[in-house]
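What follows is one structure encoded as structure tokens, with my remarks underneath.
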2 protein chains.
Amino acid sequence: MVRSYEHPEAKDVSLPRVLFALSDPVRLEMVRILARREAVNSLDLGPDMPKSTVTHHTRILREAGVTRTRSQGRNCWISLRREVLDTKFPGLLDAVLAAEADR
Amino acid sequence: MVRSYEHPEAKDVSLPRVLFALSDPVRLEMVRILARREAVNSLDLGPDMPKSTVTHHTRILREAGVTRTRSQGRNCWISLRREVLDTKFPGLLDAVLAAEADR
DNA sequence: GAAACTGTTCGATAATTGCCGAACACTTAT
DNA sequence: ATAAGTGTTCGGCAATTATCGAACAGTTTC
């Protein structure tokens with residue numbers, strides 16, 4: 001059996017929620033990591049923090065519609081939902097990623 | 001005497017804080033209003049809410065570096081700090097404003 | 001089947017946030 | 001001077017959020 005995750009449909013992805021998901025330094029860094037790779041193992045997004053904290057942040061990103069999570073075996077792979085973000089909020093993700101990482 | 005407001009310098013304007021300021025529906029609507037006018041009277045940004053609530057939200061926007069507030073007489077005028085935002089986070093404000101208002 | 005591995009869920013706690021009434025400060029008009 | 005107008009500050013309260021340990025669930029390996 002495979003874990004199932006809830007993802008909002010594209011039509012339910014709201015700007016305030018996406019902005020909130022991106023407004024935390026930890027999650028912003030996660031998104032930067034995701035932007036450089038196709039898919040990342042959940043716990044690799046926060047190697048130096050407790051697992052439950054990683055789960056917390058990845059869930060907020062997922063439920064906001066920023067990321068997609070699919071489980072495979074005992075891993076779960078996380079990726080950016082670029083199609084959704086770029087369609088609904090053109091330029092937003094690019095602008096966020098283009099900003100200097102330390103700010 | 002004139003009220004003085006603290007504004008962060010451009011170098012201290014951080015992306016997470018700006019995103020957080022924009023992540024609230026009330027403040028997002030304020031920013032949309034500001035984008036259409038040069039400067040707006042504080043309380044006109046939230047005609048239907050208590051004054052202290054308006055002050056609360058406008059302060060978060062100001063302290064994040066999103067807006068500038070200057071007092072004149074008994075009014076205070078609020079405007080977007082486009083120069084700062086467009087310089088530090090090119091495309092961000094445009095992307096936010098371009099998104100449909102109801103999302 | 002037992003152990004190891006990956007990640008979630010639960011519960012608790014501290015900190016932050018949103019909301020708003022009441023009192024206050026400053027300015028302008030009468 | 002008095003009153004009215006504009007906005008801030010303060011205090012309290014409810015709700016949300018961030019963090020993390022402990023227990024748990026599913027998967028793979030041995």
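Residue A/L45 contributes atom CG, which lies 11 Å from atom P of C/dT8 at whole-angstrom precision. The interatomic distance linking B/R74 (CZ) with D/dT6 (C1') rounds to 7 Å, in whole Å. The nearest whole Å value for the distance from the CZ atom in B/R70 to the P atom in D/dG7 is 13 Å. At whole-Å resolution of the value, CH2 in A/W77 and C1' in C/dG7 are 14 Å apart. Distance, A/R3 CZ to D/dG26 C1': 6 Å, rounded to whole Å. Taking atom CE of B/M30 as the reference point, atom P of D/dG7 lies 12 Å away to the nearest angstrom. For the pair B/R59 CZ and D/dT6 C1', the interatomic distance rounds to 17 Å; values are reported in whole Å. C/dT9 atom C1' lies 12 Å from atom NZ of A/K51, rounded to whole Å.
For D/dT19, the OP1/OP2 oxygens have no side-chain nitrogen or oxygen of A/H56 closer than 4.0 Å. In terms of phosphate contacts, B/N75 brings no side-chain nitrogen or oxygen within less than 4.0 Å of OP1 or OP2 of C/dC26. Between A/T55 and the phosphate of C/dG7, there is no side-chain N or O to OP1/OP2 separation shorter than 4.0 Å. For C/dG7, neither phosphate oxygen OP1 nor OP2 lies less than 4.0 angstrom from any side-chain nitrogen or oxygen of A/Y5. At the phosphate of C/dG18, OP1 or OP2 sits under 4.0 Å from a side-chain N or O atom of B/R27.
You'll find a donor-acceptor pair under 3.5 Å spanning the side chain of A/S52 and the base of D/dG21, going by distance alone.
Residue-to-nucleotide proximity on DNA chain D shows that, of B/L43 and A/M49, the 5′-proximal contact is made by B/L43.
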Quick one, A/V66 with A/R62, criterion side-chain contact (heavy atoms from CB on, under 4.5 Å). Give me CA distance, side-chain angles, the key distance, then yes/no. CA-CA 6 Å; A/V66 175; A/R62 181 180 68 251; over 6 Å; no
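Contacts of B/S42 with the nucleic acid, taken as non-hydrogen atoms under 4.0 Å apart, involve only primed sugar atoms and P, OP1 or OP2.
There is a path of hydrophobic side-chain contacts, each under 4.5 Å, that joins A/L28 to A/L61.
Across all their heavy atoms, B/H7 and B/T69 have their closest contact at NE2-N, 2.8 Å.
Listed nucleotides: D/dT17, D/dT28, C/dT8. Nearest to the side chain of A/F20: D/dT17.
Relative to the six-membered ring of A/Y5, A/R68 misses at least one condition, a distance below 6.0 Å or an angle of at most 45° to the axis.
Counting heavy atoms from C-beta on, the side chains of B/F89 and B/L15 come closer than 4.5 Å.
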